[in-house]
Amino acid sequence: MKAVQYRRVGAPPEVVEVEVPEPSPGQVLLKVDAAGMCHSDIAVMSWPEEEFPYSLPLTLGHEGIGTVSALGPGDHSCSEGDRMAVYGPWGCGLCHMCAQGKENYCDHAARLGIRPPGLGAPGAMAEYLLVDDERHLVPLGDLDPVEAAPLTDAGLTPYHAIKKSLPKLVGGSTAVVIGTGGLGHVAVQLLRALSPAKVIAVDVSEQKLELAHRVGAHHAVLSDESAPGKVRDLTAGFGAEVVFDFVGNSATTAIAAKCTRTEGDLAVVGIGGGTVPVGFGSMPFEVSVSAPYWGSRSELIEVLELARAGSVRVHVDSFGLDETPEVYERFHRGEIPGRAVIVP
Ligand code: NAD
Ligand code: ZN
């Protein structure tokens, strides 16, 4: 089968021929219908050799939808032909976190070498994907697979971050979304669906701000040194109750820290290497700062239900597997609004 692999640190990904995997007991083989392209893939492909945590070659893709094509020995509740969304942050399934469905925070995954598909384990940018356990699958129902693939990360990750802050997103409140790309443009829609908050989008790209506006942001602010002042002007001088940073570099964490209100929440979701100074006098009083990772199994079920109800719709452009290396380059240059989805 064809697969998109990152084969050598620093080299671009390649489309190669690999063996179709065979499912072992408990495992499920999916024929991939769609695989989303995430900025985290670009981060992975920019890590230096000495810090690179996975073995190579690595088949990319951690947002996957597929149709059950073969079942490993043993009992399964899904059947061949069922279309499934893949829950990516695999855990051990047994620890206290996993027992709550929070496999994204599994206590043992790192020690046991359990890695998400595309982020250590072979990923979804291939004709077939091996899923280690059927608890990592959620039935897709009648959702469109191409539009649904990004929901497994670009939907689930903002949903998890937003859900935690919902008690602060009351009438009269404001939420700021910094970086309205793949994750951010879904975040805007989730905020509109789940809360009465006023939503301010902040991005460096006019095109991404235009998309944010189209999907429900009340205000759009260009991301530069004047952005915190503009957010304050839009919030009677106080700042926003909740700020989500989907870039997370030093420029955006500085903006985020300056526009969060007293007792507000600041979630740094982007992995751009920026930090937020926490200490008396460095921030308004009692701001809670977090760096959330992905989401729980139950939250993925909830996100898919929101899509089914029409509350979120990912803006997608689809491409064939052979085009993937070139699409990564366009994505890296910031030329793809919404999400690029690979259809093998
Ligand atoms: P993306 O490239 O689709 O979107 C990023 C957006 O940020 C773009 O619209 C871009 O124009 C904008 N941007 C860039 N620099 C900016 C700046 N200085 N100020 C404001 N906006 C700026 O990326 P994505 O796939 O949505 O991922 C977003 C980030 O989230 C990445 O860092 C990714 O690695 C990370 N991520 C984290 C998790 C997690 O669990 N924490 C999960 C998925 C992705
Ligand atoms: Zn991702």
Side-chain angles (χ1 to χ4, degrees), residues 35-47 60-64 86-89 102-105 116-120 123-125 149-162 164 176-188 200-212 215 217 220-228 230-231 243-256 258-259 267-274 290-296 299-300 314-317 327-341:
M37 185 178 283
C38 179
H39 210 107
S40 299
D41 302 339
I42 291 178
V44 165
M45 291 188 276
S46 69
W47 288 336
L60 296 163
H62 55 268
E63 294 183 339
V86 179
Y87 173 76
K102 300 179 195 169
E103 296 201 27
N104 50 325
Y105 296 146
L119 296 167
M125 286 188 188
L151 294 172
T152 61
D153 177 19
L156 176 56
T157 302
Y159 181 76
H160 172 70
I162 291 167
K164 198 174 157 196
V176 171
V177 176
I178 303 175
T180 54
L183 273 67
H185 92 288
V186 182
V188 169
I200 304 176
V202 180
D203 203 293
V204 284
S205 151
E206 293 279 7
Q207 190 190 22
K208 311 289 172 73
L209 285 176
E210 200 270 318
L211 175 61
V215 298
V221 169
L222 260 184
S223 182
D224 56 25
E225 311 80 70
S226 69
K230 288 182 183 146
V231 169
V243 176
F244 302 96
D245 183 350
F246 293 105
V247 182
N249 65 23
S250 55
T252 58
T253 52
I255 293 171
K258 283 186 199 141
C259 55
V268 183
V269 182
I271 59 172
S290 65
Y293 171 64
W294 225 329
S296 67
E299 287 167 341
L300 177 57
V314 184
H315 178 98
V316 290
D317 276 322
V327 178
Y328 267 117
E329 280 176 35
R330 288 179 53 196
F331 184 38
H332 193 31
R333 291 195 299 266
E335 290 171 8
I336 295 180
R339 206 59 151 177
V341 175

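Each ligand, and each atom within it, is numbered from 1 in the order the structure gives.
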Chemist: To the nearest 0.1 Å, how far is atom 34 (O) of ligand 1 from its closest protein heavy atom, and which atom is that?
Modeler: Ser40 OG, 2.8 Å
Chemist: Would you mind listing which atoms of ligand 1 come within a distance below 4.0 Å of any non-hydrogen atom of Asp153?
Modeler: 42 (C), 43 (C)
Chemist: Taking atom 10 (C) of ligand 1 as the point of reference, which of Ile271, Asp203, Ile336, Leu209 owns the nearest heavy atom?
Modeler: Asp203
Chemist: Should one rank Phe331, Phe246, Trp294 by closest heavy-atom distance to atom 40 (O) of ligand 1, which comes out on top?
Modeler: Trp294
Chemist: Taking the side chain as everything from C-beta on, heavy atoms only, tell me whether Asn104 gets closer than 4.5 Å to Tyr87.
Modeler: yes
Chemist: Is Arg339 close to Leu183 at the side-chain level, that is, under 4.5 Å between some pair of heavy atoms?
Modeler: yes
Chemist: Which of the numbered atoms in ligand 1 are under 4.0 angstrom from any heavy atom belonging to Lys208?
Modeler: 8 (C), 9 (O), 11 (O)
Chemist: If every non-hydrogen atom of Cys259 is compared with every non-hydrogen atom of Pro228, which pair is closest and at what distance?
Modeler: CB-CA, 4.3 Å
Chemist: Judged by atom type as modelled, is there a donor-acceptor pair below 3.5 Å linking the side chain of Thr157 to the main-chain atoms of Ala154?
Modeler: no
Chemist: Looking at atom 19 (N) of ligand 1, what's its closest protein heavy atom, distance included?
Modeler: Ser223 OG, 2.7 Å
Chemist: Compute the minimum heavy-atom distance from Arg339 to ligand 1 and say whether it is under 4.0 Å.
Modeler: yes
Chemist: When you measure from atom 4 (O) of ligand 1 to every protein heavy atom, which one gives the shortest distance, and what is it?
Modeler: Gly181 CA, 3.3 Å
Chemist: Heavy-atom contact under 4.0 Å between Ala43 and ligand 1?
Modeler: no
Chemist: Could you point out which residue of Val221, Thr253, Asp245 forms a side chain to side chain contact (heavy atoms under 4.5 Å, CB included) with Ile178?
Modeler: Asp245
Chemist: Counting heavy atoms only, name the option from Pro158, Ser250, Gly182 that's nearest to atom 3 (O) of ligand 1.
Modeler: Gly182
Chemist: Tell me: protein heavy atom nearest atom 30 (O) of ligand 1, and distance?
Modeler: Gly270 CA, 3.5 Å
Chemist: Closest non-hydrogen protein atom to atom 39 (C) of ligand 1, residue and atom name please, with distance?
Modeler: Thr157 CG2, 3.6 Å
Chemist: Report the part of Thr252 (side chain from C-beta onward, or backbone N, CA, C, O) that has a heavy atom under 4.0 Å from ligand 1; answer both or neither where that applies.
Modeler: side chain
Chemist: How far is atom 14 (C) of ligand 1 from its nearest protein heavy atom, and which residue and atom name does that atom have?
Modeler: Val204 CG2, 3.9 Å
Chemist: So, for His62 and Pro117, which heavy atoms are closest and what is the spacing to 0.1 Å?
Modeler: CB-O, 3.1 Å
Chemist: Near Pro292, which atoms of ligand 1 are under 4.0 Å from a heavy atom of that residue?
Modeler: 39 (C), 40 (O), 41 (N)
Chemist: Which heavy atom of Ala187 sits nearest a heavy atom of Ile162, and at what distance?
Modeler: O-CD1, 3.6 Å
Chemist: For the side chain of Lys230 and the backbone of Leu222, is there at least one donor-acceptor N/O pair under 3.5 Å apart?
Modeler: no
Chemist: Would you say the side chain of Val186 lies within less than 4.5 Å of the side chain of Pro150, judging by non-hydrogen atoms?
Modeler: no
Chemist: Ligand 1 versus Leu183, non-hydrogen atoms closer than 4.0 Å: side chain, backbone, both, neither?
Modeler: both
Chemist: If you count heavy atoms of other groups shown closer than 6.0 angstrom to NE2 of His332, is the number above 12?
Modeler: no
Chemist: Could you verify whether a donor N or O on one side chain and an acceptor N or O on the other, from Ser205 and Asp203, lie under 3.5 Å apart?
Modeler: no
Chemist: Quick check on the 6.0 Å ring-centre criterion: do Tyr293 and His160 meet it?
Modeler: no
Chemist: At under 4.0 Å between heavy atoms, which part of His39 makes contact with ligand 1: side chain, backbone, both or neither?
Modeler: both
Chemist: When you measure from the Zn ion (ligand 2) to each N, O or S atom of His62, which atom gives the shortest distance?
Modeler: NE2
Chemist: Suppose we measure from atom 37 (C) of ligand 1 to each protein heavy atom; which comes out shortest, and what is that distance?
Modeler: Val269 O, 3.1 Å
Chemist: Tell me, please, if Cys38 has any N/O/S atom, main chain or side chain, under 2.8 Å from the Zn ion (ligand 2)?
Modeler: yes
Chemist: Heavy atom under 4.0 Å from ligand 1: found in Ile42's side chain, backbone, both, or neither?
Modeler: neither
Chemist: Any donor and acceptor pair, going by atom type alone, linking the side chain of Tyr105 with main-chain N or O of Ser296 inside 3.5 Å?
Modeler: no
Chemist: Among the N/O/S atoms of Asp153, select the one at the shortest distance from the Zn ion (ligand 2) and name it.
Modeler: OD2
Chemist: Does even one non-hydrogen atom of Ala154 get within less than 4.0 Å of ligand 1?
Modeler: no
Chemist: Closest non-hydrogen protein atom to atom 22 (C) of ligand 1, residue and atom name please, with distance?
Modeler: Val247 CG2, 3.4 Å
Chemist: Can you tell me if Thr180 uses its side chain to pair, donor with acceptor, with the backbone of Lys208 under 3.5 Å?
Modeler: yes
